Structures are given as structure tokens and as C-alpha cells.
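Structure, as C-alpha cells:
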Amino acid sequence: MEHPEHVKHPEHVEHPDRAAAFVANGERLQWHDKSLWFVREKRDRASGVIPEWEELRALAAGIKAHTLSRLADYLEAFEAKATALGAHVHFARDAEEHNRIVHELLARRGITRVVKSKSMLTEQCGLNHHLEAHGIEVIDTDLGERIVQLRHEPPSHIVMPAIHLKKEEIGDLFHDALGGAQGISDPKALTEMARGHLRDKLLGAQAGITGVNFAVAETGGFVVCTNEGNADLGTALPRLHIACMGVEKIIPRAKDLGVFLRLLARSATGQPVTAYSSHFHGPRQGGELHIVIVDHGRSTILGREHYRRTLQCIRCGACMNTCPVYRRSGGHSYGVTVPGPLGAVLAPHVDPAKHRSLPFASTLCGSCTDVCPVKIDLHEQLLLWRGDLGRQKLVPLKKRMASRVAGWILVRTWAYLLLGSIARWFIPKLPKALAQHRWNDWGRQRELPPAPKETFRELYAKRRRTSGKAK
Amino acid sequence: MRDVALFVPCYIDQFYPQVGLAALEVLERFGAEVDFPPAQTCCGQPVFNSGSFDAALPLAEKFLDVFSSYRYIVSPSGSCTSMVRHHYAELVPHRMGELRGKTFELCEFLHDVLGAKPEGHFPHRVGLHASCHGLRELRLASGSERRIQPFDKVRALLSGLEGIAFAELARKDECCGFGGTFAVAEEAISVAMGNGRIADHERGGAEIIAGADMSCLMHLDGLIRRQKRPVRVMHVAEILAQAARDPGAEGAGGAEGAERADGADELVEAR
Ligand code: SF4
């Protein structure tokens with residue numbers, strides 16, 4: 001089966017090339033970095049007002065780890081409770097099955113116009129494309145999502161899908177796509193324009209699709225968090241509500257919600273709480289509620305002991321905001337639905353060969369690990385992937401050979417010393433044309449390190465002799 | 001059994017010998033009996049982080065053969081220390097007992113084990129570059145992501161020096177973009193990150209960018225020298241050693257960065 005990621009990102013992804021293209025636009029680089037750092041600082045302030053922040057993280061991580069250890073049990077409990085509340089629960093093995101279930105639900109009722117509030121899962125499954133191919137119009141009602149949808153491109157961030165665009169670019173887009181006046185860049189005016197356009201779509205919708213942030217096993221209810229209230233709006237009018245969730249969205253008890261809702265908004269945008277936390281318990285009167293629970297590779301990750309923890313993720317996006325590489329290369333440079341450190345550890349599970357450059361798109365600075373509200377050791381996971389890619393011979397041959405040779409030399413003290421003296425002899429003699437050549441990835445923009453006449457060990461030996469100490 | 005084995009990472013041995021000497025000098029000043037086992041080479045971090053765990057394994061074995069009989073292993077490098085302390089568990093789990101509790105980064109060792117209170121004169125404005133592995137793996141300071149009681153061991157060591165001032169940074173612990181082979185594989189981002197760090201230090205009025213990881217400083221120094229910026233880099237060990245040699249006499253200038261090896265020679269001669 002062709003994975004839907006391939007449809008949207010057909011090229012073989014090499015992060016460095018796309019990142020270099022992003023960096024080449026210095027102005028964009030600056031404001032992209034600054035905008036996200038602004039959110040990171042807001043997150044710092046918002047988490048700072050909770051004295052027990054670190055305990056809260058540990059608690060959340062513990063709850064998630066526990067849930068994952070009994071995932072099947074909690075899913076069954078949820079299914080039973082949700083069904084008792086009058087919802088229909090469907091299980092989908094993969095994206096294809098998920099898309100088929102959603103399509104059948106719509107097609108059987110003759111539905112052709114659907115509104116959808118933000119869901120990274122449906123994005124990952126390529127649901128929009130699937131439904132559109134069957135003649136169903138899907139309108140994303142989250143403003144950012146709508147913007148990237150109108151541009152026919154994937155989101156560049158899981159919480160702020162259009163963060164890579166300037167307001168001027170959005171003005172141009174609305175001029176072309178929505179018939180707005182030319183040259184509008186005032187965010188308020190743009191939001192009004194989008195609101196008017198979306199109101200019509202919401203009023204005409206025959207079904208509402210939402211994601212799920214937390215599904216509670218104990219009650220069979222679930223919560224959808226949005227800042228624009230669009231999940232409420234999209235499910236208030238149509239008779240049919242379809243909620244799509246990954247298997248890992250389950251939490252055991254209603255009282256656990258408090259832990260996660262406190263962490264989610266603060267980590268995501270620095271708000272104390274998301275503007276709308278909509279709770280759904282069964283269908284509304286006269287309506288129908290279908291919950292589609294999707295695996296799509298998650299149980300594979302669950303079966304991989306060292307990587308299991310990534311399923312604790314609550315999709316807050318904080319790891320992207322803090323990542324110095326993401327901030328300077330943009331979400332599209334990763335070539336997957338979920339970018340940043342999290343995406344870089346998730347994507348290789350799907351196709352390690354295709355996404356082999358992603359675990360290397362990091363300095364392993366570890367900021368993602370410390371910012372993560374559920375304590376996923378993201379930078380350790382990146383390192384683990386590097387080892388696994390190496391073992392699977394998916395690290396480029398040149399790099400593998402270089403490591404081999406370096407390993408051979410470094411384990412032999414004499415060879416190391418010989419190579420060192422050659423390097424120190426060689427470096428000062430390098431003509432500028434070579435030292436700064438465009439092929440020299442270190443020297444193109446940086447001076448080479450100095451080449452001292454003597455090594456530390458030579459100086460050390462000399463010092464020993466002069467101070468009269470016997471070796 | 002000797003007290004302290006000095007682990008001088010390969011690139012410091014070859015390119016920054018004065019940093020090794022400064023580390024040695026500072027350790028001895030605070031009473032450590034230091035030995036440099038000459039068979040040592042590299043901890044294996046570069047190949048390990050490149051995904052070649054196979055190539056790193058013999059290096060980890062070698063490291064343990066050379067060092068494990070010592071009471072302490074101390075290194076003027078946060079990231080190499082972290083490699084040994086944390087990541088050897090991946091390579092030589094059965095030998096981790098030989099390492100338990102005895103690998104230290106230099107500043108950490110001075111601060112935690114020796115309880116050192118460095119003195120001397122260092123009349124310069126210093127920007128502290130918190131290297132990521134020192135910060136988030138060795139916890140040399142409280143990172144800005146975590147909501148805990150703030151602390152900073154490197155700054156605590158330096159703040160005892162007379163005349164020193166610190167440049168305050170807008171992003172106090174952002175990565176410099178070195179990241180080992182990342183600096184070459186992702187050159188564009190690496191350079192953009194490095195330039196961002198230098199600009200932040202310059203805004204804070206730093207004359208010197210100081211850190212406990214020479215690798216980060218090598219990357220920043222490469223950018224600084226190419227762009228001929230006025231700021232310069234110094235390892236924390238160099239600052240401590242230089243300050244200790246300068247009790248506060250007027251006109252005692254800073255170490256000039258240009259002739260590093262010769263400076264190191266003088267240091268040897270001076271002893
Ligand atoms: S990995 Fe952690 S920081 Fe990143 S999105 Fe998930 S929960 Fe948030």
C-alpha cells in the first residue's frame with residue numbers, strides 16, 4: 001500500500017537541502033525564528049506561574065506510560081462506555097481503513113459538504129484528498145488550516161499550521177481565493193474576511209469532522225481543544241459528527257483531564273488554558289456520533305520498547321517551538337505532516353529510508369526533551385534512530401566509511417598521533433581557495449581551527465621534564 | 001591508584017593544547033594529583049553521533065582500559081564527559097560499573113567535588129555560552145525550559161574572580177549550532193545558529209565568549225575570525241588559569257588569542 005505521505009511529499013526528502021533553501025531567505029529566517037521564540041517565551045512565563053510544573057510533567061508522563069502499558073484494556077473500556085452513551089465506535093488499522101470508514105459514513109447518507117476542525121491525524125491519513133476524490137467538499141475550519149488548504153500545501157506546524165506565512169501573503173491569498181480587496185494585511189481585517197467565508201461554509205455543512213485531544217476510558221466521553229471554537233460550531237448544526245482519534249489519545253479517568261489541560265495550552269501557546277475545551281459525551285439529541293479509532297503504525301511503535309515513549313505525546317508543539325533547527329528551517333523542510341523533533345522520531349517508523357535525514361536534523365541540544373510536558377526523551381530518541389539507521393545501512397555510504405576509518409585510526413594511539421600531526425602540518429599550508437572552497441562545508445563560512453606546533457601531550461611531557469617529576 | 005586522570009579530548013589535544021594545560025593547572029591549584037594517561041585518544045562521540053555505534057564500541061573499550069583504574073576521570077569538555085557518563089551505557093553496559101560516579105566535566109569537578117573557590121583578577125566582560133550537553137545532560141546549570149530553582153555552576157566558579165562582568169543574553173542557553181557532524185552536514189542551519197549566538201553575546205556587550213566546551217567555541221571562533229568580529233572565545237579553564245596568574249596588577253593584559261600555541265609554550269616555560 002502506498003502510504004499517503006508519499007502522495008503529498010513525493011520527492012525524496014533530504015532535510016539539509018530544504019533547510020538551506022529556507023535559510024537563503026534571510027528575512028524569512030529571522031521572523032520565523034523570532035515568532036516561534038516568542039511563543040516559547042510565552043510558554044516559559046505561563047509554565048512559570050505553576051509552582052508544581054515539574055511535578056505535573058512527571059505526573060502526566062506517568063499517567064501516559066501507565067495507559068500505554070494497558071492500551072487495549074483502556075480502548076475496550078472506552079468503546080463500551082462510548083457505545084452505552086449512544087456513540088458508534090469504529091476501529092481502523094491504518095490510514096486507508098480510516099479514510100474508507102469516514103467516506104462510507106458520508107456516502108451512505110448522501111453527504112457532499114463537510115466541515116472539519118483541526119486534526120493532525122486526518123492530515124496524516126490524507127483524508128481530505130480521499131474525500132475530495134470522491135466528490136465530497138471538505139472545508140477546514142481552523143483559520144490556519146484553512147489558509148494552508150487554500151494554498152494547497154500541508155501545514156508547517158501542528159498547532160500553528162500557517163506560521164510560515166506572512167500576513168501580506170495571506171492577504172494576497174484571500175484576494176485570489178476569497179475575492180477580498182487587494183493589499184490587505186491587517187490581521188483583524190483578514191480574520192474578519194475568513195470568518196465571513198467560514199460562516200457560510202459552516203451553515204451549509206451536512207457533517208462535522210473533529211479530532212480528539214483526550215478520550216476518557218472511564219466515561220466514554222472525549223475532549224476537543226480549539227482556540228477558535230470551530231469544533232463546537234462545526235458539530236452544532238449538522239446531524240452527523242465524526243470524531244477521528246489515534247489509539248494513543250486515551251486517558252484513564254476524567255480527573256486526569258485536569259493534568260493534561262493545564263499542560264497542553266501552556267506548552268502549546270503559553271495560554272493558561274485553551275479557549276474552548278469542548279466535551280462530548282454521546283451524540284446530541286437527534287444527532288449521530290461516530291468515533292473512529294485509528295492505529296496507523298502506532299502499535300508498531302508500541303512494540304518497540306525504546307521508542308514506545310513517543311506515544312505519550314499530547315501534540316502541543318512545544319518541541320517545535322523550542323527547536324533551534326525547526327525555527328530556522330521551517331516545518332516544510334522536514335517533508336512530513338508532523339515536523340520538528342517529534343516528527344523526526346516518528347517519521348522513520350513509517351519509512352526509515354525515505355526519512356533517514358531527519359534524525360540528523362538536530363544538534364541533539366536536548367531542549368525538546370526538557371520542554372516536553374510529558375517528558376518524552378526526544379533527543380535520546382533521535383540518537384537511537386541514528387544508531388538504528390547506521391545498523392540498517394541507511395546512513396549514506398560516505399558517512400559510514402568516514403566513521404569506519406575514523407574509528408580504525410582513533411583506536412590506535414600511534415595512528416591518531418600520526419594523523420594529528422599531518423593535519424596540523426597541512427592546515428596552515430592550505431591555500432585559501434581550498435580552505436574556503438564551496439565544497440568544504442566547514443571552511444566555506446568558518447575559519448579552520450588553529451594548527452599549533454605541539455599537541456597537549458607534547459607540552460605535558462615537556463612540563464613534566466622541566467618540573468622534574470618522573471613520569 | 002592515582003587521584004585524577006585528565007581526559008583531554010582528541011581535538012583539544014591537537015588544536016587547543018593550551019586548554020588542556022589550563023585545565024591541568026587549575027586542577028593542580030586546587031590540590032588534585034593529576035595524571036595524563038598517554039594512550040588515550042577519543043571518546044568516540046563523533047562516530048557514535050553519526051550513527052556508527054559499531055565504530056564507537058572499540059573506542060569505548062579503549063577508553064575504559066585506559067581510564068577505569070583511576071579514582072576520578074576529569075575532562076575539560078561537557079559533551080565528551082556526557083558521552084562517557086551517559087552514552088557508554090549503550091555501548092558497554094557490562095562495564096558501566098567501572099565508571100560509576102567518577103567521570104566529571106572540569107567545572108563540575110571543581111564545583112561539586114573539590115568545592116573550589118577560584119580567585120584572581122579578570123577584568124573583562126564575559127558572555128557565558130552554556131553548551132547543550134553540559135547544560136541538559138550534565139546539568140551544569142538549570143536550563144531555561146525547566147521550572148526549578150535556578151543555578152549555574154560555571155558562573156558560580158567565575159563570579160569569584162575580581163573585575164569580571166557578565167554579558168546578559170536574550171536567549172541565555174540556546175544552542176550554538178555546532179552539534180558535531182551537524183556543523184558540516186547541515187552547514188546552512190549551523191552557521192545561521194552560530195551567527196545568532198554571536199550576535200546575542202555582542203548585544204550583551206561581551207568581549208569574550210566563554211564556555212566549558214571547546215567544540216562549540218571552535219565553531220563560534222571559526223565564524224568570528226572569518227567575519228573579523230571583535231569578540232573572542234576562551235575556554236573557562238583558560239580564564240580560571242589566567243586569572244589565577246594575575247592577582248590584580250595593573251596593566252596585566254588578557255591572553256591574546258592569535259598565537260595560541262606559542263602562548264601555551266610560554267605557559268610551560270613560565271613554570
Ligand atoms: S513530543 Fe512533547 S513537546 Fe513535542 S508535541 Fe509531543 S507532547 Fe508536545
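Keep in mind the model is a prediction, meaning the values are calculated, not measured. So that the names make sense, note that chain A is the first sequence line, chain B the second, and so on, each numbered from 1.
- Ranked by non-hydrogen atom pairs under 4.5 Å with chain A, the options B:Gln227, B:Gln40, B:Glu90, B:Arg171 are led by B:Arg171.
- Residues of residues 321-329 of chain A that come closer than 4.5 Å to chain B, counting heavy atoms only, are A:Thr322, A:Pro324, A:Val325, A:Arg327, A:Arg328, A:Ser329, ordered by residue number.
- The distance from atom CD of B:Glu137 to atom CG of A:Leu364, rounded to the nearest 0.5 Å, is 8.0 Å.
- Counting heavy atoms from C-beta outward, A:Trp53 and B:Ile148 have side chains that stay 4.5 Å or more apart.
- Listed here is the closest heavy atom pair of A:Ser367 and B:Glu145: OG-OE2, 2.6 Å.
- Here A:Glu54 does not pair with B:Arg147 in a salt bridge; the nearest charged N to carboxylate O distance is not below 4.0 Å.
- Residue B:Ser131 does not touch chain A at all, counting heavy-atom pairs closer than 4.5 Å.
- With a threshold of 4.5 angstrom between heavy atoms, B:Leu6 approaches chain A through side-chain atoms but not through N, CA, C or O.
- A heavy-atom distance below 4.5 Å is found between the side chains of B:His219 and A:Trp442.
- When side chains are defined from C-beta on, A:Glu447 does not count as touching B:Asp221, because their heavy atoms never get closer than 4.5 Å.
- Proximity to chain A at a heavy-atom threshold of 4.5 Å picks out B:Pro58, B:Leu59, B:Lys62 from residues 58-65 of chain B, in numerical order.
- The side-chain heavy atoms of B:Phe15 and A:Arg424, taken from C-beta on, include a pair separated by under 4.5 Å.
- Comment: A:Arg446 does not engage B:Glu187 in a salt bridge, judged by the lack of any side-chain N to carboxylate O separation of less than 4.0 angstrom.
- Note that the OH atom of A:Tyr460 and the CG atom of B:Leu21 stand 10.5 Å from one another [nearest 0.5 Å].
- Both the backbone and the side chain of B:Cys10 come within contact range of chain A, each with at least one heavy atom under 4.5 Å from a heavy atom of that chain.
- Under the 4.0 Å criterion applied to side-chain N and carboxylate O atoms, A:Asp44 and B:Arg146 are not assigned as salt-bridge partners.
- In this structure, no portion of B:His86 lies under 4.5 Å from any heavy atom of chain A.
- For a residue to count as touching a neighbouring chain, one of its non-hydrogen atoms must lie under 4.5 Å from one of that chain's; by this rule B:Glu174 touches chain A with the side chain only.
- Evaluated for a side chain to side chain contact (heavy atoms under 4.5 Å, CB included) with B:Phe36, the options A:Arg464, A:Arg457, A:Arg463 yield exactly one hit, A:Arg457.
- B:Arg139 and A:Asp370 are joined by a salt bridge, as a carboxylate oxygen and a charged side-chain nitrogen come within less than 4.0 angstrom of each other.
- With a 4.5 angstrom heavy-atom cutoff, B:Val8 touches chain A only via side-chain atoms.
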